[in-house]
Amino acid sequence: MDALRQGARRLDAATPASRDRAVDALRALAILGVVLGHWLVTALVAQDGALHTESPLRPQPWLAPVSWLLQTLAVFFLVGGHVATRSLATAQARGDSYGHWLRARLTRLLRPVTALLGLWTVTAAALLLGGAPLATVHSLVKLALSPLWFLLVFAALTAATPLVARLNPLWPLAVVLHVDLLRFGLHLGPSWLGWTNLAAGWLVPYTLGAAWARGELRSRRSALALLLGGTAATALLVGCAGYPASMVGVPGGAVSNLNPPTLAAVTFGLAQCGLALMLRARLRRAAARPLVWAAVTLVNLSAMTVFLWHQTAMMATTATGLVAGRLPGLHTAPDSPLWVVYRLAWLPVFAVALALCLAAFRHRERGPRRTRRRSSRVVHRHLPPRKSPHHA
């Protein structure tokens with residue numbers, strides 16, 4: 001513990017005073033919220049010799065508030081828009097080109113994807129050759145690669161930062177409103193129309209982050225307006241317009257708030273962004289503690305690795321547990337409150353599996369280390385000592 005505290009103090013001392021620690025704390029909370037949310041509302045059930053994906057939200061709709069706490073994607077896009085806007089402005093002031101800036105941003109974002117795709121390509125082939133049911137392989141691969149949709153949308157918005165950095169968030173919000181009006185109110189338009197919200201819906205918190213970077217959302221009043229307005233709008237949409245109460249997709253549900261994002265998901269994201277902005281001062285004070293700052297930094301340094309591999313960690317634990325039979329909370333159907341209790345007990349095991357994935361693959365996110373130039377231990381160059389004028 002003493003070594004841990006000393007390392008945390010050194011990290012705290014090395015952090016520039018100009019760094020806004022609240023931004024890093026919000027990113028860490030958003031990532032951890034998504035991870036815990038997926039671990040709690042996604043279950044792999046062993047049935048008829050195969051594994052199938054189930055959700056406790058379908059047989060237990062009273063768990064919907066869990067999705068309100070742990071569906072934190074809007075906060076991640078808020079922070080992403082804030083950081084990208086400031087980073088682009090810094091790069092332009094330094095004289096860097098847009099292409100150079102974008103390559104640096106996307107390389108860090110997408111580099112860990114190659115390891116995930118490579119591992120699951122080999123795993124899927126091995127399972128099929130070993131005689132695993134096609135339904136099992138499909139469920140596992142779909143679950144493992146499901147985080148990629150988020151990265152694709154985030155990468156697209158990052159690339160469009162110069163175009164959307166000064167966009168008023170009301171414009172993409174209006175697009176989502178009209179799309180949902182056509183889909184659910186008038187029942188008009190093609191079936192693919194809803195996927196317009198995949199870009200427009202997440203563009204709302206992204207542009208809010210850009211506005212935050214410009215200093216337009218620094219007052220507590222603006223944050224409170226987002227929180228209260230978003231909460232009221234979401235309550236009206238769920239209570240009066242028939243939108244689902246769950247802010248994540250539920251298998252078998254007629255409408256998903258997340259795939260693609262609905263107006264309710266976007267207004268809920270507004271409330272989340274308002275709450276995040278209101279908590280900035282408290283998060284700065286908390287992150288000023290060396291141990292807290294060390295934990296926040298650890299999550300941020302491996303944010304994409306944590307996001308990409310958390311489903312794999314959960315599935316690896318589930319597959320390993322099959323050796324011991326059908327374990328409650330791991331292989332059983334999520335149809336009772338007792339399942340939730342067992343699931344909570346499995347969370348530390350998932351965390352250990354994720355830590356192993358981090359140890360194995362986090363170097364993909366950080367990139368190759370720069371080695372110091374060292375003199376060769378095989379060949380040494382000896383120069384004769386200089387002769388002084390007296391001995392010349």
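None of these values were measured; they are calculated from a predicted model. What's counted below: heavy atoms across the whole structure, side chains too, no hydrogens, waters or symmetry copies.
- Rounding to the nearest 0.5 angstrom, the gap separating the CG atom in L44 from the OG1 atom in T53 is 5.0 Å.
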Are D12 and R9 close enough, and set up right, to give a salt bridge (Lys or Arg N to Asp or Glu O under 4.0 Å), and what steps lead you there? CA-CA 5 Å; D12 179 70; R9 292 191 191 100; over 6 Å; no
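- Between the S55 side chain and the V41 main chain, a donor and an acceptor come within less than 3.5 Å of each other.
- Remark: the backbone N or O of A264 is paired with a side-chain donor or acceptor of T267 at under 3.5 angstrom.
- Side-chain contact between V141 and L127: absent, with no pair of heavy atoms (C-beta onward) separated by less than 4.5 Å.
- With contacts defined as side-chain heavy-atom distances shorter than 4.5 Å, the pair R214/R166 qualifies.
- Residues L344 and L330 fall within the same hydrophobic cluster, defined by Ile, Leu, Val, Met, Phe, Trp and Tyr side chains chained together at heavy-atom separations under 4.5 Å.
- Here the shortest heavy-atom pairing between S67 and A245 reads OG-O, 4.4 Å.
- Under a hydrophobic-cluster definition in which Ile, Leu, Val, Met, Phe, Trp and Tyr are linked whenever side-chain heavy atoms come within less than 4.5 Å, directly or via other members, V352 and L298 are assigned to different clusters.
- Proximity of a side-chain donor or acceptor of E54 to a complementary backbone N or O of P334 within less than 3.5 Å is not detected.
- Two rings, from F76 and F150, have their centers less than 6.0 Å apart.
- Considering only heavy atoms from C-beta on, L157 stays 4.5 Å or farther from V164 through its side chain.
- At a threshold of 4.5 Å between side-chain heavy atoms, the hydrophobic network of Ile, Leu, Val, Met, Phe, Trp and Tyr places L73 and V153 in one connected group.
- A donor atom on one side chain and an acceptor atom on the other are not found under 3.5 Å apart for T234 and Y243.
- Linking Ile, Leu, Val, Met, Phe, Trp and Tyr whenever their side-chain heavy atoms come within less than 4.5 Å leaves L308 and V79 in two separate clusters.
- Using modelled atom types, one finds a donor on one side chain and an acceptor on the other under 3.5 Å when comparing W120 with T312.
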Pair L109, L106 - check side chain to side chain contact (heavy atoms under 4.5 Å, CB included), show working. CA-CA 5 Å; L109 186 67; L106 295 187; 4.2 Å; yes
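- The side-chain heavy atoms of L128 and L134, taken from C-beta on, include a pair separated by under 4.5 Å.
- Separating the CG atom in L116 from the CD atom in Q311 is a distance of 10.5 Å, to the nearest 0.5 Å.
- Salt bridge D96/R103: absent, no basic N to carboxylate O contact under 4.0 Å.
- Looking at L173 and P169, their side chains never come closer than 4.5 Å, going by heavy atoms from C-beta outward.
- Listed by chain and residue number, W101 satisfy the side-chain hydrogen bond (donor to acceptor under 3.5 Å, both in side chains) test with S87 (two or more places apart in sequence, or in another chain).
- Every residue two or more places apart in sequence or in another chain was checked for a side-chain hydrogen bond (donor to acceptor under 3.5 Å, both in side chains) with R221, and none qualifies.
- Using modelled atom types, no side-chain atom of S302 and backbone atom of V299 make a donor-acceptor pair closer than 3.5 Å.
- Here the CZ atom belonging to F154 is positioned 6.0 Å from the OH atom belonging to Y206, to the nearest 0.5 angstrom.
- More than 12 heavy atoms of other residues, nucleotides or ligands lie within 6.0 Å of NE2 in H52, so this atom counts as buried by the packing criterion.
- Residue pairs meeting the salt bridge (Lys or Arg N to Asp or Glu O under 4.0 Å) criterion with at least one member in residues 278-300, sequence neighbours excluded: D20-R284.
- Between V266 and N197, every side-chain heavy-atom pair lies at or beyond the 4.5 Å cut-off.
- Distance check, rounded to the nearest 0.5 Å: NE2 of H38 to CE of M314 gives 9.0 Å.
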I would like to know whether L270 and V204 meet side chain to side chain contact (heavy atoms under 4.5 Å, CB included); could you show each step before the answer? CA-CA 8 Å; L270 291 177; V204 174; 3.6 Å; yes
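- The main-chain N or O of N259 is found under 3.5 Å from a side-chain atom of S256 such that the two form a donor-acceptor pair.
- Salt-bridge annotation for R27 and D24: present, with a side-chain N of the basic residue lying under 4.0 Å from a carboxylate O of the acidic one.
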Side chain to side chain contact (heavy atoms under 4.5 Å, CB included) for V75 and L29? Distances and angles first, verdict last. CA-CA 9 Å; V75 177; L29 289 174; over 6 Å; no
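- Counting only distance, with no hydrogens or angles, the side chain of T107 and the backbone of A104 share no donor-acceptor pair below 3.5 Å.
- The side-chain hydrogen bond (donor to acceptor under 3.5 Å, both in side chains) search around T262 returns N257, not counting sequence neighbours.
- Looking at T196, its side chain does come within 3.5 Å of a backbone N or O of L193 through a donor-acceptor pair.
- Considering all non-hydrogen atoms of both residues, R326 and T332 come closest at NH2-CA, 4.0 Å.
- Atoms CG and CG, on L78 and L226 in that order, are 9.0 Å from each other to the nearest 0.5 Å.
- Cluster membership check: L203 shares its hydrophobic cluster with L258, using side-chain heavy-atom separations under 4.5 Å among Ile, Leu, Val, Met, Phe, Trp and Tyr.
- Counting only distance, with no hydrogens or angles, the side chain of R343 and the backbone of T42 share a donor-acceptor pair below 3.5 Å.
- In this structure, the side chains of F307 and P112 stay at 4.5 Å or more apart for every pair of heavy atoms.
- W293 and A287 get closest at one heavy-atom pair: CB-O, 3.1 Å.
- Listed here is the closest heavy atom pair of Q60 and P337: OE1-N, 3.2 Å.
- T318 contributes atom OG1, which lies 9.5 Å from atom CG of L327 (distance to the nearest 0.5 angstrom).
- A28 and N300 make their closest contact through CB-ND2, 3.9 Å (heavy atoms, listed as atom of the first residue, atom of the second, distance).
- Side-chain N or O atoms of Q272 include one that pairs as donor or acceptor with a backbone N or O of Q71 at under 3.5 Å.
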List the steps, then state whether side chain to side chain contact (heavy atoms under 4.5 Å, CB included) holds for V296 with R21. CA-CA 9 Å; V296 169; R21 301 189 182 195; over 6 Å; no
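- Of all heavy-atom pairs spanning A353 and T317, the tightest one is CB-OG1, 3.6 Å.
- Within the structure, every pair that satisfies the salt bridge (Lys or Arg N to Asp or Glu O under 4.0 Å) test and touches residues 181-191, not counting sequence neighbours, is listed here: D180-R183.
- Pairs passing the ring pair (Phe, Tyr, Trp, His ring centres under 6.0 Å) check and including a residue from residues 323-354, sequence neighbours excluded, read W39-F350.
- Dense packing is recorded around CH2 of W149, with more than 12 heavy atoms of other residues, nucleotides or ligands lying under 6.0 Å away.
- Considering only heavy atoms from C-beta on, V255 comes within 4.5 Å of F184 through its side chain.
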